Amino acid sequence: MKNIILTGFMGVGKTTVGKLLAKKLNMKFVDSDEIVEKEFDLSILEIFEKYGEKKFREKEKEVITNLATKDGYIIAVGGGAFTIPEIENICKGLCYTICLSAGFDTIIKRLEQLRRNRPLLKDKSLIEIKELYKVRMACYVGCNLNIETDNLTPNEIVDKILENLRTG
Ligand code: S3P
């Protein structure tokens with residue numbers, strides 16, 4: 001089966017949903033950020049601090065383009081992955097892409113927790129985060145499926161995805 005890519009803004013639940021979906025579909029789950037962390041042997045926060053965003057993006061591109069050419073994976077990609085045209089093109093070209101979206105208010109409710117390990121949110125003002133949110137939402141346009149996740153549990157999100165996969 002074609003890979004399924006889960007994208008969407010930080011904190012929408014890509015990893016949680018991806019793991020559940022993988023179980024239901026009997027596919028393998030991978031989180032691209034986890035692989036990047038393993039390759040550097042550092043956390044995302046440390047990678048950004050030590051090497052900067054550019055190096056992170058280079059590794060992210062290498063990891064995702066490699067995974068995207070395989071089959072049978074549910075891949076949760078970092079919320080900024082589609083800002084790299086090569087990643088966006090290979091994912092949209094070869095895989096079934098799903099965007100999990102959440103309203104800005106939902107993201108803000110989770111902000112305190114997200115700031116702990118998201119370098120791009122850590123020291124940013126609400127105005128800056130809103131700008132980032134707007135720019136990012138534009139990158140997710142054109143995915144095969146968009147699920148609005150506000151007020152849905154992870155299981156309900158998975159059910160919606162499965163329903164869409166069944167009915168095409
Ligand atoms: C990022 C999203 C993060 C992680 C990194 C940068 C982004 O992944 O890749 O902190 O640029 O949006 P999640 O979307 O899984 O939080």
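Since we're looking at a predicted model, the values are computed, not measured. As the structure lists them, so they are numbered: ligands from 1, and atoms in each ligand from 1.
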Minimum-distance protein heavy atom relative to atom 6 (C) of ligand 1:
Arg57 NH2, 4.0 Å
Identified side chain to side chain contact (heavy atoms under 4.5 Å, CB included) counterpart of Ile75 within the set Thr7, Thr97, Leu67, Ile35
Leu67
Identify the protein heavy atom lying closest to atom 8 (O) of ligand 1, giving its residue, its atom name and the separation to 0.1 Å.
Asp33 OD2, 2.8 Å
Run the salt-bridge test on Glu163 and Lys160 with the 4.0 Å N-O cut-off and return the result as yes or no.
no
Whether over 12 other heavy atoms sit under 6.0 Å from Glu148 CD
no
Which bit of Glu53 is near ligand 1, meaning a heavy atom under 4.0 Å away: side chain, backbone, both or neither?
neither
Report yes if the side chains of Ile47 and Glu39 come closer than 4.5 Å at any heavy-atom pair, otherwise no.
no
For Pro119, the ligand 1 atoms whose distance to one of its heavy atoms is below 4.0 Å
10 (O)
Checking a contact table here: which protein heavy atom is nearest atom 12 (O) of ligand 1, and how many Å away?
Arg136 NH1, 2.5 Å
Need the ligand 1 atom indices (1-based, order shown) with element for anything under 4.0 Å from a heavy-atom of Phe56.
9 (O)
Test item: Glu46 and Lys50 side chains (from C-beta on) under 4.5 Å apart, heavy atoms:
no
Which heavy atom of the protein is the closest neighbour of atom 5 (C) of ligand 1, given with residue, atom name and distance?
Ile44 CG2, 3.9 Å
Just to confirm my output: which protein heavy-atom neighbour is closest to atom 16 (O) of ligand 1, and how far is it?
Arg118 NE, 2.5 Å
Against heavy atoms of Lys14, which atoms of ligand 1 measure under 4.0 Å?
13 (P), 14 (O), 15 (O)
Thr69, Asn3, Thr65, Asp71 screened by side chain to side chain contact (heavy atoms under 4.5 Å, CB included) with Leu94, the one that passes:
Thr69
Proximity of Leu120 to ligand 1 by residue part, where a heavy atom lies under 4.0 Å:
side chain
With a 4.5 Å cut-off on side-chain heavy atoms, are Asn117 and Ser43 touching?
no
For Leu165 and Leu145: C-alpha separation, side-chain torsions, deciding distance, then whether side-chain contact (heavy atoms from CB on, under 4.5 Å) applies.
CA-CA 9 Å; Leu165 290 176; Leu145 179 62; 5.6 Å; no
Distance-only N or O hit between ligand 1 and Gly8, under 3.5 Å:
no
